[in-house]
Number of protein chains: 2
Amino acid sequence: MTFQKRAHKILELLETYGEVDIRQLANYIGVSEVTVRRDLNSMAAKGLLYRTHGGAMKISDVIKPVSFATKAEVNLKPKDAICKRAAADIIDGDVIFIDCGSTAFRLCQFIKNKNIKVITNSLPVVNELQHSAVTINLIGGEVDVTRQAVHGTMALEHISRYHASKAFLGVDGITAEGLYAGSEHEANNTLAMAAQTSCTYMLCDASKIGKTSYLKFNDLSIVDIIVTNYNGPEVNKFESNGISVYSVTV
Amino acid sequence: MTFQKRAHKILELLETYGEVDIRQLANYIGVSEVTVRRDLNSMAAKGLLYRTHGGAMKISDVIKPVSFATKAEVNLKPKDAICKRAAADIIDGDVIFIDCGSTAFRLCQFIKNKNIKVITNSLPVVNELQHSAVTINLIGGEVDVTRQAVHGTMALEHISRYHASKAFLGVDGITAEGLYAGSEHEANNTLAMAAQTSCTYMLCDASKIGKTSYLKFNDLSIVDIIVTNYNGPEVNKFESNGISVYSVTV
DNA sequence: TCAAATTTAATCATAATTAATCAAAAGTGA
DNA sequence: TCACTTTTGATTAATTATGATTAAATTTGA
């Protein structure tokens with residue numbers, strides 16, 4: 001019985017029952033539980049199924065989080081420290097872009113009392129800033145429910161009509177070679193905002209630095225300032241690219 | 001019983017009842033209350049539900065802006081009857097405008113399963129339709145917090161880029177002489193949407209018929225259909241203006 | 001406001017699952 | 001055949017999930 005044959009059987013069972021457990025599989029296929037475990041792990045790595053404690057589930061049955069508006073996120077401290085530092089640069093009269101990432105969202109709590117105008121495509125940001133001193137300009141276009149954001153051609157056009165003094169953006173990954181995004185939509189928004197801004201801030205917790213993602217969408221030239229809790233060797237490379245790096249401690 | 005399976009059951013119950021309590025869940029699922037508590041906490045962290053003292057609630061029941069929800073509760077039954085009738089005219093493939101009034105908001109509940117595209121400047125409408133079959137296009141511009149809507153030049157321009165088969169609009173008052181709005185912003189939005197629509201529906205409960213407000217912004221020529229629970233003498237005047245009147249009973 | 005009742009968070013113990021290590025078996029290619 | 005890799009299974013230590021217990025926090029009602 002080869003791995004491929006077993007994988008096939010596992011997917012069959014998964015299709016029928018929605019979920020399977022290790023003992024059941026070991027019995028049915030006639031191999032040891034250790035082997036089943038190895039199979040499941042490698043299949044999960046390929047995205048063929050969702051590994052659970054004691055078994056596996058069909059991918060489509062897995063419940064995905066919907067919005068981070070109410071999400072009590074883990075690892076908030078680095079993000080909050082980064083945003084607090086970034087917010088210190090925002091002065092009354094500023095017009096700023098805030099993008100739809102979860103890091104930039106944390107900026108909201110620090111700017112509620114500032115007399116500024118915020119342009120954003122993020123629905124949680126709008127909710128958060130609604131009853132604050134801030135004036136909100138919401139970017140229009142197609143609503144992406146999973147990202148809780150507005151995207152598309154109309155959104156890009158909307159952005160191009162405005163100009164901001166500062167933009168506070170997030171990325172999926174950043175290296176000396178450039179910027180990486182999780183989707184083309186996000187990349188386009190980031191680029192559009194950066195193009196209309198005098199000074200672009202990248203808010204990156206340490207996990208983003210040195211990380212690449214599936215789409216490299218630009219070099220570092222659009223970035224003016226990186227705010228991060230990372231202080232390893234990449235920092236020098238950023239600085240030699242003409243970027244200021246604000247280091248924060250958590 | 002894995003965590004994932006329990007999560008499914010919890011969400012199922014939540015969908016049915018809107019809220020659940022810990023004891024009930026522990027009993028139903030067959031695990032200890034401690035475990036249920038842990039499950040609820042981790043699910044809340046993922047934004048899958050709203051954790052309450054002693055249980056949990058459906059997210060969508062929570063994130064609705066309170067100010068609007070209460071406003072919408074005035075005269076609910078006529079509004080619902082009107083919207084139900086209006087929704088009957090909406091067919092798969094339609095592109096519709098929904099404006100930011102409290103009446104038009106009640107339309108959402110009747111269109112969740114339709115395969116349509118909704119263009120709106122109303123934040124509550126976006127929230128309400130988020131997890132439905134509907135595709136949402138959000139109009140961009142200045143956010144008006146009190147009205148929970150998007151307004152301004154950019155909004156009007158956004159609207160002018162699209163065309164809809166039907167528009168579902170509300171007004172502050174309507175007489176044989178014309179349409180009355182509570183603010184210039186609302187008037188502009190209404191006009192802009194009507195201008196880009198093949199068939200314009202006015203959703204007016206009886207309190208709006210024959211009422212004037214501080215701004216008369218247009219005659220009745222932009223109106224194609226009035227849906228109302230009013231059946232007094234004004235109806236004939238509307239009909240002699242070439243408008244169809246759908247009468248509903250509460 | 002206070003006090004009683006309820007719910008929660010924290011700690012610990014136990015049971016189940018997993019990852020890691022190593023050895024045996026089966027396949028590979030010269 | 002022999003050396004080599006790959007796959008599999010057994011064993012054990014580490015991790016994770018769960019439940020019981022109790023102190024702390026929250027809600028409720030007077």
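By convention in this document, chain letters (A, B, ...) are assigned in the order of the sequence lines, proteins followed by strands, and residues within each chain are numbered from 1.
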If I take atom [atom1] in residue [X] and atom [atom2] in nucleotide [N], what distance separates them, rounded to the nearest angstrom?
{"X": "Arg37(B)", "N": "dT22(D)", "atom1": "CZ", "atom2": "C1'", "answer": "13 Å"}
{"X": "Leu25(A)", "N": "dG9(D)", "atom1": "CG", "atom2": "C1'", "answer": "17 Å"}
{"X": "Asn41(B)", "N": "dA25(D)", "atom1": "CG", "atom2": "C1'", "answer": "14 Å"}
{"X": "Arg51(B)", "N": "dA25(D)", "atom1": "CZ", "atom2": "C1'", "answer": "13 Å"}
{"X": "Asn27(B)", "N": "dG19(D)", "atom1": "CG", "atom2": "P", "answer": "13 Å"}
{"X": "His53(A)", "N": "dT15(D)", "atom1": "NE2", "atom2": "C1'", "answer": "8 Å"}

Is any side-chain heavy atom of [Y] closer than 4.5 Å to one of [X]?
{"X": "Lys216(A)", "Y": "Glu177(A)", "answer": "yes"}
{"X": "Leu215(A)", "Y": "Ser183(A)", "answer": "no"}
{"X": "Met43(B)", "Y": "Leu14(B)", "answer": "no"}
{"X": "Ile225(A)", "Y": "Cys199(A)", "answer": "yes"}

What verdict does the side chain to side chain donor-acceptor pair (under 3.5 Å) test give for Gln130(B) and Asn127(B), after you've listed the backbone C-alpha separation in whole Å, the side-chain angles of each residue and the deciding distance to 0.1 Å?
CA-CA 5 Å; Gln130(B) 250 182 84; Asn127(B) 276 325; 3.1 Å; yes

Is a side-chain donor-acceptor pair under 3.5 Å present for [Y] with [X]?
{"X": "Thr197(A)", "Y": "Thr200(A)", "result": "no"}
{"X": "Lys211(A)", "Y": "Thr175(A)", "result": "no"}
{"X": "Tyr230(A)", "Y": "Asp205(A)", "result": "no"}

Of Thr135(A), Val134(A), Asp94(A), Asp92(A), which meets side chain to side chain contact (heavy atoms under 4.5 Å, CB included) against Asn115(A)?
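Of all the options given, the one that passes is Asp92(A).
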
Report for the helix from dT1(C)-dA30(D) to dA30(C)-dT1(D): angle between first-end and last-end helix axes, five pairs each, rounded to 10 degrees.
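Comparing the axis at each end, I get an angle of 40°.
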
Select from Arg38(B) and Ile22(B) the residue whose nearest nucleotide in DNA chain C is closer to the 5' end of that strand.
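It is Ile22(B) whose nearest nucleotide is closer to the 5' end.
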
Any ion pair linking Glu142(B) and Lys117(A) (charged N to carboxylate O, less than 4.0 Å)?
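Salt bridge flag = yes for Glu142(B) with Lys117(A).
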
Chain A footprint on DNA chain C, 5' to 3' - any atom under 4.0 Å from a heavy atom
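Contacts span dT17(C) to dA19(C), reading 5' to 3'.
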
Tell me whether Lys9(B) forms a cation-pi arrangement with Tyr28(B), defined as NZ or CZ under 6.0 Å from the six-membered ring centre and within 45 degrees of its axis.
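Checked: cation-pi criterion met.
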
Any residue in residues 29-36 of chain B with a heavy atom nearer than 4.0 angstrom to DNA chain D? Just list them by number, or reply none.
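Result for residues 29-36 of chain B: Val31(B), Ser32(B), Val34(B), Thr35(B), sorted by number.
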
